[in-house]
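A quick note: this is a predicted structure, and the numbers were derived from the prediction, not measured. Each chain gets a letter, A, B and so on, in the order its sequence line appears, and its residues count up from 1.
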There are 2 protein chains.
Amino acid sequence: MGNDANSQHQIKALQKAFKIVESIDRLGSATLAEISRDVELPKTTVYRHLATLKESGYIAQTQDEYQLSYRFLEYGIRRRSRDPVYAVAKESMNTLAEDTGERVWCVVKEGPHCVYVYKVEGKYPISTDIHIGQRRELHPYAAGKAILAFQPQEHIDAILDNADLIPRTENTITDRDTLLDELETIRERGYAVNREESIKGLRGVGAPIRNEYDEVHASLSIAGAANRMLGDRLTQEIPEMLLGAVNDIELGLRHP
Amino acid sequence: MGNDANSQHQIKALQKAFKIVESIDRLGSATLAEISRDVELPKTTVYRHLATLKESGYIAQTQDEYQLSYRFLEYGIRRRSRDPVYAVAKESMNTLAEDTGERVWCVVKEGPHCVYVYKVEGKYPISTDIHIGQRRELHPYAAGKAILAFQPQEHIDAILDNADLIPRTENTITDRDTLLDELETIRERGYAVNREESIKGLRGVGAPIRNEYDEVHASLSIAGAANRMLGDRLTQEIPEMLLGAVNDIELGLRHP
DNA sequence: GACAAACGTTCCACTATGGGAAACGATGCC
DNA sequence: GGCATCGTTTCCCATAGTGGAACGTTTGTC
């Protein structure tokens with residue numbers, strides 16, 4: 001956190017290249033001039049970075065526009081397939097989606113964010129703004145809160161110090177003390193609940209996945225339409241099935 | 001192909017960084033010393049590259065090892081979701097997998113390779129060495145041959161000039177003239193057949209997807225166990241259904 | 001059809017910057 | 001206790017990344 005001292009010793013050419021890559025990702029596809037304006041670097045510099053990126057196979061040039069290549073998908077999928085949590089959770093998620101009929105997510109912590117790594121659809125279709133691979137802040141989601149609650153307190157403080165607690169709906173918790181109370185509740189009952197805090201009309205339940213050292217770097221969550229996620233189903237049936245699945249996964253992680 | 005003249009003007013720091021990224025991808029996870037040995041660069045250099053990559057969020061450091069972050073999955077999935085072929089093919093692939101019972105692949109050309117972008121499972125399970133996101137040469141696969149056959153002749157020549165035609169099984173076509181004949185056959189009948197040329201016991205049928213300019217940058221393929229892919233089913237039923245689905249996709253691409 | 005604006009590309013001189021040897025303390029192994 | 005290896009930091013030098021300027025083309029406008 002505090003070691004931005006060596007940020008002076010970072011390779012600036014690399015940082016520029018990544019700025020360009022992020023720009024292309026954001027723009028979808030773009031020309032040299034567009035990218036140059038977007039990243040606010042002279043076109044000569046952008047030109048040679050693009051040439052190197054293209055030669056290395058990370059971007060592709062279709063007629064007159066640049067776009068990211070599938071190299072990212074290749075590395076990303078391979079990264080996931082090597083993740084023990086993903087490997088173990090995959091099967092449990094199928095039965096959980098079958099039993100509950102709702103969408104099941106596997107979520108992994110990375111820095112101060114969580115990444116939605118894998119999903120299994122239930123029989124009830126829902127539409128949300130989250131897709132596989134996306135990175136989100138921790139506080140407005142069931143899966144994120146379940147992870148955040150079980151971090152060491154100093155790590156929680158560090159994350160919240162740098163977080164903005166931006167509201168996504170009127171239900172999003174934006175007050176730090178309220179959030180800390182919520183995390184305490186989550187620790188007591190063992191699972192987190194999202195009551196339309198990320199999207200109106202969507203509720204979810206999330207539970208932490210502990211690794212062999214009892215650390216929480218991942219979670220499982222179940223998301224469904226608010227009109228189905230009610231009463232005992234929300235606070236009893238669903239959490240029970242979720243915790244059962246997580247228990248299976250934790251066993252699988254300890255005894256491979 | 002011949003413009004390696006400007007490879008002198010490429011940014012070497014970037015090339016080193018990507019060499020390191022590829023090393024981590026290959027090793028799965030590794031320490032500084034391991035990476036330094038693998039890429040044959042002094043550890044000082046690798047150290048600062050890793051620091052920059054980490055700070056930029058492309059790699060993560062777990063305890064004492066480095067590994068790729070999920071940033072690659074994020075960009076990769078987003079890249080795919082923006083691909084018009086993927087967007088249109090997705091639904092057609094579901095019904096095709098339903099109707100045939102076999103695995104359906106959507107494959108996209110990128111440079112001299114093809115990338116296996118998306119798959120839908122049929123009811124008959126098979127196990128192959130190909131997973132989503134993987135890049136392969138074009139010649140030993142139904143999907144790859146279907147793409148290769150419909151490139152401009154000078155592009156075919158250029159690809160074959162730089163390709164090794166490495167055999168994957170005893171059925172893999174390794175002779176250039178035989179392959180050129182095969183491509184001619186594919187152009188005549190409109191689809192490609194893979195007769196255990198990539199994996200023993202696996203057969204497949206592939207058909208090119210034409211874009212609005214009649215160029216082929218993608219294909220659809222159906223893969224199944226050799227004992228089910230026989231006789232009229234292999235040369236009549238399956239190709240017919242495949243070409244029907246491709247036809248739908250091409251219509252979807254032209255009229256969005 | 002002619003002009004102007006914007007594009008991608010190449011050239012060049014400057015100096016910022018990436019490179020790597022060496023030394024550092026910390027850790028683990030024989 | 002000594003030797004080897006690890007990750008990290010420091011240092012100086014020569015490389016190599018930078019960006020202004022000018023290039024030839026293409027695009028769009030009047």
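The CD atom of A:E65 sits 12 Å away from the P atom of C:dC7 (whole-angstrom rounding). Rounding to whole angstrom units, CG of residue B:D64 and P of D:dG7 are separated by 8 Å. A straight line from OH of B:Y47 to P of D:dT8 spans 4 Å, rounded to a whole angstrom. In this structure, B:K12 places its NZ atom 8 Å from C1' of D:dT15, rounding to the nearest Å. Atom-to-atom, CD of B:Q15 to P of D:dT15 comes out at 17 Å; the value is rounded to the nearest Å. Look at CD1 on B:I11: it is 13 Å from P on C:dT17, rounded to the nearest Å. For the pair A:K54 NZ and C:dT9 P, the interatomic distance rounds to 8 Å; values are reported in whole Å. Remark: C1' of C:dG19 and NE2 of A:H9 are 13 Å apart, rounded to the nearest angstrom.
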Identify each atom pair where a protein N or O and an N or O of nucleotides 3-5 of chain C are less than 3.5 Å apart, giving names and distance.
none

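Using a cut-off of 4.0 Å between Lys/Arg side-chain N and Asp/Glu carboxylate O, B:D38 and B:K19 are scored as not salt-bridged. Using a 4.0 Å cut-off between a side-chain N of Lys or Arg and a carboxylate O of Asp or Glu, A:E215 and A:K109 do not qualify as a salt bridge.
The closest donor-acceptor contact from the side chain of A:S221 to the backbone of A:G206 lies at 3.5 Å or more, if one exists at all. Side chain of B:S69 to main chain of B:G57: a donor-acceptor pair is present (N/O by atom type, distance under 3.5 Å, no hydrogens or angles). Using a distance-only test at 3.5 Å, with no hydrogens or angles considered, no donor-acceptor pair links the side chain of A:E110 to the main chain of A:V115. Listed for the A:R135 side chain is no donor-acceptor partner under 3.5 Å among the backbone atoms of B:R71.
Set against D:dA16, D:dT8, C:dA21, the side chain of B:P42 has C:dA21 as its closest nucleotide. Ranking C:dT10, D:dT8, D:dG17 by closeness to the A:A13 side chain, first place goes to D:dG17.
Listed pair A:H49 / D:dT18 meets the phosphate criterion, a side-chain N or O lying under 4.0 Å from OP1 or OP2. Residue A:T45 has a polar side-chain atom (N or O) positioned under 4.0 Å from OP1 or OP2 of D:dG19.
DNA chain D is contacted by both A:K16 and A:K43; A:K16 maps to the nucleotide lying nearer its 5′ end (nearest heavy atom per residue).
In plain terms, the two heavy atoms of B:G190 and B:P208 that are nearest each other are O-CD, 3.5 Å. What you find for B:N194 and B:K145 is that their closest heavy atoms are CA-NZ, 4.5 Å.
Cation-pi geometry between A:R210 and A:F150 is satisfied (NZ or CZ under 6.0 Å from the ring centre, within 45° of the ring normal).
Taking every heavy atom of residues 31-41 of chain A and every atom of DNA chain C, pairs under 4.0 Å involve A:T31, A:L32, A:A33, A:R37, by number.
Residue-to-nucleotide contacts include a donor-acceptor pair under 3.5 Å from the side chain of B:R48 to the base of C:dG19.
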